[in-house]
Amino acid sequence: MRKKLSKDFYLRPDVLVIARDLLGKVLVTESAGIRCAGRIVETEAYNGEADKASHAWGGRRTSRTEVMYATGGVAYVYLCYGIHHLFNVVTNSRDIPHAVLIRALEPLEGLDLMLKRTGKNKVDESLTRGPGNAAKAMGITTAMTGTSLLGRTVYIADDGYRPAATDITAGPRIGVDYAGADALLPYRFYIKGHPNLSGSKSTNNLS
DNA sequence: ATGCCGATGTCCT
DNA sequence: GGACATCGGCATC
């Protein structure tokens, strides 16, 4: 039984708490009556204007990033390296550009459609590992940016699953070396040892 | 197991 | 023109 997360979940002021709470929740998309779902196993928090790794660093506003300043509970999807569509959840109040990047999923439902979208012929760990792959499998594109997460096409739900607190780990974000000291902040959250995690063994604290 | 490379839209200098 | 919240393939250790 899945219960869609309410607006209040996204309006909370601490994006780090939200990024952590999203671990174990279920991301759902629906298109042409077919549903796909995946459990969130890796996230990254982007902490607003003060965070040098964020697209909203220094209060930058462009047509691409404008949606980060919207009231929490909408999608921010942007094109990375001109190829990959990356899915983020916008949080906090209007004009506070907090967001959480969904970096990896455990596939749960709609596997046939995920395979079709990604052009793969079998389900393996790579199907939803990493933000580009996860969005592709779920059918998420930049066309969805600004979409409410309280609707039907894309949302996040709680099915009662709770990761063990001892399995939740925080570490530095991936691919943000340009952000100087902010690159070292432990803003990446993940379920320790999960097979769908992005990053290397060392970044996942596995020897 | 690790490292380099190319693909390429949006933003910045 | 260059950098970038990435990925898969191929080369090399």
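In what follows, chains are A, B, ... by sequence order, proteins preceding strands, each numbered from 1. Not measured: the values here are computed from a predicted model.
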Using whole Å, report how far [atom1] of [X] lies from [atom2] of [N].
{"X": "A/Leu86", "N": "B/dG9", "atom1": "CG", "atom2": "C1'", "value": "13 Å"}
{"X": "A/His85", "N": "C/dC7", "atom1": "NE2", "atom2": "P", "value": "13 Å"}
{"X": "A/Asn133", "N": "C/dT6", "atom1": "CG", "atom2": "C1'", "value": "8 Å"}
{"X": "A/Asp182", "N": "C/dC4", "atom1": "CG", "atom2": "C1'", "value": "16 Å"}
{"X": "A/Tyr81", "N": "B/dC11", "atom1": "OH", "atom2": "C1'", "value": "14 Å"}
{"X": "A/Tyr178", "N": "C/dA3", "atom1": "OH", "atom2": "P", "value": "14 Å"}
{"X": "A/Asp177", "N": "C/dC4", "atom1": "CG", "atom2": "P", "value": "9 Å"}
{"X": "A/Lys136", "N": "C/dC7", "atom1": "NZ", "atom2": "P", "value": "11 Å"}

What's the shortest heavy-atom distance between A/Ala19 and A/Thr43, and which atoms?
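So the two residues come closest at O-OG1, 3.0 Å.
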When we call it a touch if two heavy atoms are under 4.0 Å apart, what does [X] touch: a base, just sugar-phosphate, or nothing?
{"X": "A/Arg64", "result": "sugar-phosphate"}
{"X": "A/Asn88", "result": "base"}
{"X": "A/Ile83", "result": "base"}
{"X": "A/Arg61", "result": "nothing"}

Determine which bases of DNA chain B form Watson-Crick or G-U wobble pairs with both distances under 3.5 Å, and write the result as a 5' to 3' dot-bracket string with | for other-strand partners.
|||||||.||||.
Between A/Ser126 and A/Asp124, do the side chains contain an N or O donor and an N or O acceptor separated by less than 3.5 Å?
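On atom types as modelled, these side chains qualify, holding a pair under 3.5 Å.
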To the nearest 0.5 Å, how far apart are CE in A/Met114 and CE in A/Met138?
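Interatomic distance, A/Met114 CE to A/Met138 CE, rounded to 0.5 Å: 5.0 Å.
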Determine the interatomic distance between P on B/dT2 and the same-named atom on C/dA5; round to the nearest Å.
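Taking atom P in both B/dT2 and C/dA5, they lie 24 Å apart.
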5' priority, DNA chain C, between A/Val176 and A/Ser126 [closest heavy atom]:
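Whichever sits nearer the 5' end wins; that is A/Val176.
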In the structure I gave you, are the side-chain heavy atoms of [X] and [Y] within less than 4.5 Å of one another anywhere?
{"X": "A/Thr203", "Y": "A/Leu197", "answer": "no"}
{"X": "A/Tyr187", "Y": "A/Val15", "answer": "no"}
{"X": "A/Val176", "Y": "A/Asp182", "answer": "no"}
{"X": "A/Pro97", "Y": "A/Thr65", "answer": "no"}

Is it true that A/Asp167 and A/Arg162 make a salt bridge, defined as a side-chain N closer than 4.0 Å to a carboxylate O?
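Judged by the 4.0 Å cut-off on N to carboxylate O distance, A/Asp167 and A/Arg162 do not form a salt bridge.
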Confirm from the modelled atom types if A/His55 and C/dA5 form a donor-acceptor pair under 3.5 Å, side chain to base only.
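It does, because a donor-acceptor pair links the side chain of A/His55 to the base of C/dA5 below 3.5 Å.
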Nucleic acid contacts - residues 97-111 of chain A versus DNA chain C, non-hydrogen atoms under 4.0 Å:
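Heavy-atom cutoff 4.0 Å gives A/Leu101, A/Arg103.
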Is_stacked (A/Tyr46, C/dA5) at 5.5 Å, 30 deg:
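The ring of A/Tyr46 is stacked on C/dA5.
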Scan A/Ile156, A/Ile18, A/Leu149 and name whichever one has a side chain to side chain contact (heavy atoms under 4.5 Å, CB included) with A/Phe9.
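Among A/Ile156, A/Ile18, A/Leu149, the one that satisfies the side chain to side chain contact (heavy atoms under 4.5 Å, CB included) with A/Phe9 is A/Ile18.
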Just wondering, more than 12 heavy atoms not from A/Arg2 lying within 6.0 Å of its CZ?
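Check passes, neighbour count above 12.
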It should be established whether A/Lys120 places a side-chain nitrogen or oxygen under 4.0 Å from OP1 or OP2 of nucleotide C/dG8.
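True: A/Lys120 side-chain N/O within range (under 4.0 Å) of C/dG8 OP1/OP2.
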